[in-house]
Every structure is written in C-alpha cells, then in structure tokens.
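Heavy-atom basis, side chains included; hydrogens, waters and symmetry copies ignored. Per chain, numbering begins at 1; letters A, B, ... match sequence-line order. These numbers come from a predicted model, not from an experiment.
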Number of protein chains: 2
Amino acid sequence: MSDFSSLSSSPRRVRQANVAAALQAIFAGRQLSRADLARQLGLNRSSSGNIISELVGNGLVREVAEDAPKPTRAGRPGILLELVPEGACFIGVEIGVEHITALRIGLTAEVSDVRVVPFDGRHAPVAEAVDRAVAIALDGIASGEIERCEGFGLATPAQMDRRGRVRIAPLLGWRDVDLAAITREALPAGIPSLVENDANAFAIGEAYGSRGRQRGVTLVLVIESGVGGGIVIDGQLFRGGNGLAGEIGHVHVPDADCAELEEAIGLELLLKRYRGVAGTGDATLAGLLADVRDRAPAAVAIAEDWARHLAFALVQACRLVDPDRIVLGGSVAGLYPMVSARVAFHMETLQADSFPLPEIVLHEAAETGAAYGAACMLHQRFLSLENDLLAGDAMGKDWGNL
Amino acid sequence: MSDFSSLSSSPRRVRQANVAAALQAIFAGRQLSRADLARQLGLNRSSSGNIISELVGNGLVREVAEDAPKPTRAGRPGILLELVPEGACFIGVEIGVEHITALRIGLTAEVSDVRVVPFDGRHAPVAEAVDRAVAIALDGIASGEIERCEGFGLATPAQMDRRGRVRIAPLLGWRDVDLAAITREALPAGIPSLVENDANAFAIGEAYGSRGRQRGVTLVLVIESGVGGGIVIDGQLFRGGNGLAGEIGHVHVPDADCAELEEAIGLELLLKRYRGVAGTGDATLAGLLADVRDRAPAAVAIAEDWARHLAFALVQACRLVDPDRIVLGGSVAGLYPMVSARVAFHMETLQADSFPLPEIVLHEAAETGAAYGAACMLHQRFLSLENDLLAGDAMGKDWGNL
DNA sequence: GCAGTTTGTTGCGTTGCAGCACAAACAGGA
DNA sequence: TCCTGTTTGTGCTGCAACGCAACAAACTGC
C-alpha cells in the first residue's frame, strides 16, 4: 500500500520545511541577508526573520562579523548570515582494502579533520572492521564534540541494497551481512548512522562538495583495481532497483581478451602490460604515468588503448544515462589528463550524431572521496529534514538507512 | 541561482499540497472513505472531510452510488469516494510516420475516446502536422467538453530537450524547431500543452496506467524500425542531461555486420533476413511471427539471434540503470513471448554474478501507447499541483513544458 | 437489546505565515 | 548639509489550515 503522508503537511511540518529550506539556501549561498532569504524562499520578510532568530538561537546560524565589503547599493544594507561551522558535525569513514579513512565535516561541509590508518581489509571480519572504524572515528576524529555529532556514515567497497544489507563484498570477503545493523550497534545510542557503497558515496561527495544540491546528472567513475560507478541526479543518489545502478565497471567493451570495462582499464591489466614492456620487475602506476608523460612509445600505446576502452564505455553510458558531467576518480584516473584528447576523439567518432558530449573532469583528493561522500550524505539529510532540534520529539530522527 | 521556493510552504501551499495528495490517493486507491484518506495522508479526519467537501464542490470527487459490497466489518461503514471521470479531460496525440493517433482520458485516466487517422508524417511541415493534430483532437475528441479540457499533450518521434525544442526528428524530417511554442500557438488560449518524445511518453504511460505513480525503476523499449527507450523512476520520467536518457537503441551490440541494437533487432534487419529465407517476396512481420510460432527452423534461427542481441543490450542497461522492470513495446516486441526463455538464458549467462534479473513484460495496446502516455503526463501534473481551480489565481497554471 | 467499534461532523484552540506600518541605514542629488 | 528614494529588519494584527475532543450515527456480534 502506498503512503502519501509524505506529501501532506500540517503547521508543524510547514515550519519544518521552511527551516530546512532556509538552511539549504544559506548553505548554497554561503552568505545571505534575511531579505535575500525571504526572496529565495518566497516567504515574507517577517517570516524569514522569525526563522532566522530561531536558527540563531539554536547555534546553527550567525551574523557575519566583519561587514567590510559593502556592495554599496541603494538602501539599508542587510546583515549577512552564515552557517556556524561548529553547529553540527558529521563523520565519514571509509573501510578500504588497505586503509581506514576517517574525517569530520562541519555544518559548512568543510573538512575539519582527517585520519588515514593502515588496515588490512582483506582478512578482517565485519564486526572487527566496523569496531575499528568506529573507534578511530569517535576517539580520534570526534573526541571533543560527540554531543554535536549528528551522524556517522560508513563507505565500503561492497554491493548492498538500500537498507544497508551487504550482498557481497569480494574485496573484503564479506557476504550476506547486515552492515547497517552491525554499524548501528557498534555506535553509541543516539547517533544516526548510514552505510553506503564506496563508489556511490564518492559520487555524492563529488556532486555535493561545491555547495549543496546542484541540478543535473553526474556520472562518477572510480578507477582502481576495479571500476566503481555512481549516478547523481539533481543532488540525489540514484540507486536503481537493486542498488546497482551506475555499475559501469561491468559494461562490455569489445576487445579480444577482456570483456568488461573493469578488466580493460583497471590497474591490473595496465600493470601487466606495463611489466611486459618495462622489462624490470618493479612496474608501478607511478612509473607508467611518468613514462606516458615522457612520451615513451610503449607506455603511450598502453595509455591510448586505455583511452579507447574508456571512451567506448562512456559513450554507452551516455546513451543510457545521458549525464551532464562525467567525473573520473581513483588513482588510475591520473592517466586521463594525458589522453583526454584521445578520449574525446573516440567519443566523438562513436557519437555518430553530433550531440553535446558531457563535460569530463578529473576529481582531485580521490583518497578521501568516499569518506567525504558518506559525511555529505548525512549533512544533506540533516539539512533536508532538520527538525528534532527544534520540535523536540523524535520524529524522523530514526531515519532507517536511506 | 538556485530557487528554493519549491521547498518552502505557507498555509496556501499546505492546502494545495494536501488537496493534491488527496486526489492522488483516491486515484491510486480507486475507492476510499474519508477515514481511509485521513489515515493514508496522516491527517485528522476533520481535515480529510474538509478537503473532500471542497473537492466534491468542485465536481472532482463524488460519493459512490451503490454501496452493495459491504465488507461487513465492525463499526459504521464509511462512505466510499471516487474520482468523477468527467471531472476533467486530457488529450493525448501522437504524430507518427503513418498515422495521427488522438485519444482522451478522464480524471480516472481511463480512455474515453480514440481516433486513428492516416497521415503521411514523412513529408509534412511542422506547422501543418501540428495544426492537423490539434484539429483532430479538438474537433473530434474533445468536441463537447473543451471547457473541461485540462491539457493537450503531443508525442512525436523526435529528439527534444526538456523545454520542448526539437533538435532533430529524422523520421519526420524536422530539425531545430521549437515544437512546444508551435503547439502552444496552435491551441486556443488557456489549454496547457506539453510535447514529449514518443518513447518517453510511452514509458510514462506504461508505468502510469496501473493506478498512479508506482515506486521503482522501469525501463521501456519500443521496438519498431528503430528502437526507442525511456526510463521511469518512481513514476517520474528520467530525461537525463539532454533529454536523451534511455536511448537504448544506440547501444552497441557485438556482431559482425551491425553495431547498434537498433540495427540488430529492428524491423528492417528482421525482414531482410526473413526475405532471404522465405523465398517469396512478401515477407511481413506477421508472416515471420507465424513461422516462428510454427517452429520453422529458418525463422526460429532469426528469432534466436534477435533474442541474443536483445539480451545483450538489456544486460548492459541493467548494469547502468538497474531497473526493476523492463517493458517491451512496439510491433516487433511481439516476437518476445516465443523466445523469452532464450532471452532469460542469455541474460543469466552474461550476468556472471547471480543478481536478481528484472521482470520482463510485454506491453499490450502498443499502438496507442505514446498518445496515452502524453495524456498521462498531463493527468499526473493535474493531480500533483491541482490548485488554480481552488485558489483562483493563475500560479502554476502556466507550467512551461516540463 | 446492548456493548463495542468505526465513521462523519462540529466547535475550539494552536501554529505559522502574510500584510501593514514604522524606524533604521544607506546612496545620490540639490 | 539636508532631503528624497530605497532597502532592511521588526513589531502587530488577521487569517488559513490543521489537530483535538466530543458526539451522534451506523453497523457487528453476543
């Protein structure tokens, strides 16, 4: 039976919606006056002021101290408002194959602390890994301000449904575990938690980093040993029916010896081919990148094949998903800037009709991307249904895993 | 600059949202009592009754006349409510290559009138085609009740952006025309209009037909000479960045002589191969279907290749879009029931990991699918921001093309 | 016939926004 | 320097819409 209650509203919910909209608008605009806010929200100035006074009282919003850069317009200048960075904090953690990465963001979604701890994810039972992640996060990252902590997000290279149950995580050796429940139990009571696939989290983080939800469709690829992917539509993660949408790594590419994109452009094949031409044993990604940069013919040939395969898969994705932007992340994506022209060439050749090709960009700070994205998902939730702080009752606080 | 006004609310908007939610709930549930509605909407019974009395006054909702099937439960039985089919009407028209199809649906989204008129779309200027479509719709379909007409939707085999500007329509010979504007001008003032790609409209219609917006992801294929496609997410059409999402017809399939799905499973190749084996000249789709049904070996071979290619493309789509359901429409899809086992077999083989395959269904009534979908899009809009009838001002009535 | 249950309606109270008025703060011109 | 025009922030009043409680009505089952 369908539930339409989310569509209906009551006076309480009206206020809740407006408070949330106000927070999102300030987050997106960085600095706004009460009058600006009223215009953007379509509210009266008096209502805007009322909402702001409430948020200031809660310590989430403050007036900007120095008002030096007066834009010198006619009329009384407004008092600019901004989010208080310390007003809330959100923790994002990634359990990877070799590291646990933990970081903290504030209300402005800027990173205030990062820790990267070596961790052998290949031989770690679920409970142990989660306990370790929680310990790193709570003891190190959020030591002083657990009372302000509004969420704990966990990103892992695992295929899971939208309720946070892991179907399979080949890299970590997990299978059929309820990661959401395990995480919930490992945390102190009262901290909302969330678990997500690492590529999906990465995708959200990339789209979210630049000031809140932006319109449009973004396809994100994370290229390491495997190739993960995620799709973000208007700032919301698109999971598909089984939480597997965007899994571009398993898309077919036409080649003699490798059928899937993951095998064709992943780290393994790259190093295998590089070992064949580099001669000496220590063939690393850094070495390959350097050789390509120096235009060593054998390395360039490897890179051009990489570009061709990548372009082919991207064109398939454009036809099905039609993204505005494609973001490349992961260490192997470092190859892209040197062959971006080749990628564009192949894509244009394949796109028979002259349709606008999406913008392709390289993501920096790829190491912390997934953890940052997990934190951003909590931040996004906090700003969209900000309520319990104000209303006092617990409605909504217990948001499942989604 | 982003606009957050859609997120904020005011008493006016509260009522508007609740009225819309009520209409949607009644539409989805067919027959509800005031108390049922209150429960589904999370409102008080008094508010529910208030909203209903307003809707009854507007002629959109009525009490069910015969209350014969008493479910005999404890307590006073509720008075069931239903939508008034004649409360509003929506017109959907498809301009095809050979026909113009026009139909009318009422508030219950059931078709009340259909006309199919021969029309040579290959040599028709835009303005002429649109004028013809409008004439058929207004004179024939909506003759008596134009005052109740709440929308005119036009579906065409054209690639267009979300503002209704056609980039190119190869089958109709159009290029760079503002179809939305032309349609708006061809209509009498006051009738909201909407234009949409035919495959997209078909997709919406399929997902919408069974009682309002349903959750989940549906991928729709329309297989004729070409292969069109559309994606519906939670009842909303997903257009992608340039309005090209779901264009599965251009996905690559690995084969010697045809590179794209459209060529591999479209009508042309099918008939070409069938001509080669059937001997005599009049090779039709109906003949092929009959031969396959009779297990004629040459025809079965053609059908099995068709199944293999289709399965390959569907698996690619599953990896990127991950739909819950796949719907096959168009005349060529009639081949599917005879080879569904082959399709399933190939898909399972390709899906190395044992992930749940989506349900695949055949769509009936494919001829009127696009026109019906266009009408459904208007119906959907009417039910989601039903306002001007009640509020009196024109806010929202002028919904652009989207 | 009576207890128990569910429904539809009415009146009252509360919440939250809009509209209006007004003081404050600034730019520009006489 | 003063005055006009403009924009901002803040009270105050009114209104729209919902929740709550109470009650009559309608039905089942014992």
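- The two residues Thr183(B) and Ser193(B) make their nearest non-hydrogen contact at CG2-CB, 4.2 Å.
- OP1 or OP2 of dT7(C) lies within a sub-4.0 Å distance of a side-chain N or O belonging to Arg39(B).
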message: Under the criterion salt bridge (charged side-chain N to carboxylate O under 4.0 Å, His left out), I'd like the reasoning laid out for Arg381(A) against Glu150(A): C-alpha separation, chi angles, the key distance, then a yes or no.
response: CA-CA 10 Å; Arg381(A) 254 230 146 46; Glu150(A) 291 291 340; over 6 Å; no

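- Rounding to whole angstrom units, CD1 of residue Ile52(B) and C1' of dC18(D) are separated by 16 Å.
- Put simply, CG on Leu81(B) is 13 Å from P on dT7(C), counting in whole angstrom units.
- Judged by closest nucleotide on DNA chain C, Ala74(B) is the one of Ala74(B) and Ser46(B) placed further toward the 5' end.
- Residues Asp36(B) and Ser48(A) both approach DNA chain C. Their nearest nucleotides, taken by heavy-atom distance, put Asp36(B) toward the 5′ side.
- With ring centers used as reference points, Phe382(B) lies 6.0 Å or more from Phe27(B).
- Residue Ser33(B) is classed as a sugar-phosphate contact, given heavy-atom separations below 4.0 Å to backbone atoms only.
- Distances shown here put every side-chain N or O of Asn50(B) at or beyond 4.0 Å from the OP1 or OP2 atom of dA17(D).
- Contacts of Arg34(A) with the nucleic acid, taken as non-hydrogen atoms under 4.0 Å apart, involve only primed sugar atoms and P, OP1 or OP2.
- A donor atom on one side chain and an acceptor atom on the other are not found under 3.5 Å apart for Arg34(B) and Ser48(B).
- Taking atom CG on Leu80(B) and atom P on dT6(C), their separation rounds to 17 Å, with Å as the unit.
- The listed nucleotides are dC17(C), dT10(D), dA24(D); the one nearest the side chain of Leu43(A) is dC17(C).
- Residue Arg76(A) has its side chain nearest to dT7(D) when only dT7(D), dA21(C), dC18(D) are considered.
- Following rounding to the nearest Å, Leu41(A) (CG) and dG16(C) (C1') show an atom-to-atom distance of 14 Å.
- Considering only side-chain atoms of Arg45(A), the nucleotide from dC27(D), dG8(C), dT10(D) that sits closest is dT10(D).
- Taking the side chain of Ala35(A) as heavy atoms from C-beta on, and the options dC20(D), dT8(D), dA17(D), the nearest nucleotide is dT8(D).
- Asn50(B) and Arg15(B) share a donor-acceptor pair across their side chains, judged by distance under 3.5 Å alone.
- Summarising the geometry, the separation between CD1 on Ile79(A) and P on dC26(C) is reported as 10 Å, rounded to the nearest angstrom.
- Rounded to an integer number of Å, the gap from Leu37(A) CG to dG9(D) C1' is 13 Å.
- Atoms CG (Asn44(A)) and C1' (dT10(D)) sit 11 Å apart, rounded to a whole Å.
- Side chains of Ser33(A) and Asp36(A): a donor-acceptor N/O pair is present below 3.5 angstrom, by distance only.
- Distances shorter than 4.0 Å separate some side-chain N or O of Ser47(A) from OP1 or OP2 on dA18(C).
- Not one side-chain nitrogen or oxygen of Arg13(B) sits closer than 4.0 Å to the OP1 or OP2 atom of dC18(D).
- At least one side-chain nitrogen or oxygen of Arg15(B) sits closer than 4.0 Å to the OP1 or OP2 atom of dC18(D).
- Atom pair Glu63(A):CD and dT8(D):C1' shows a separation of 12 Å (rounding to whole Å applied).
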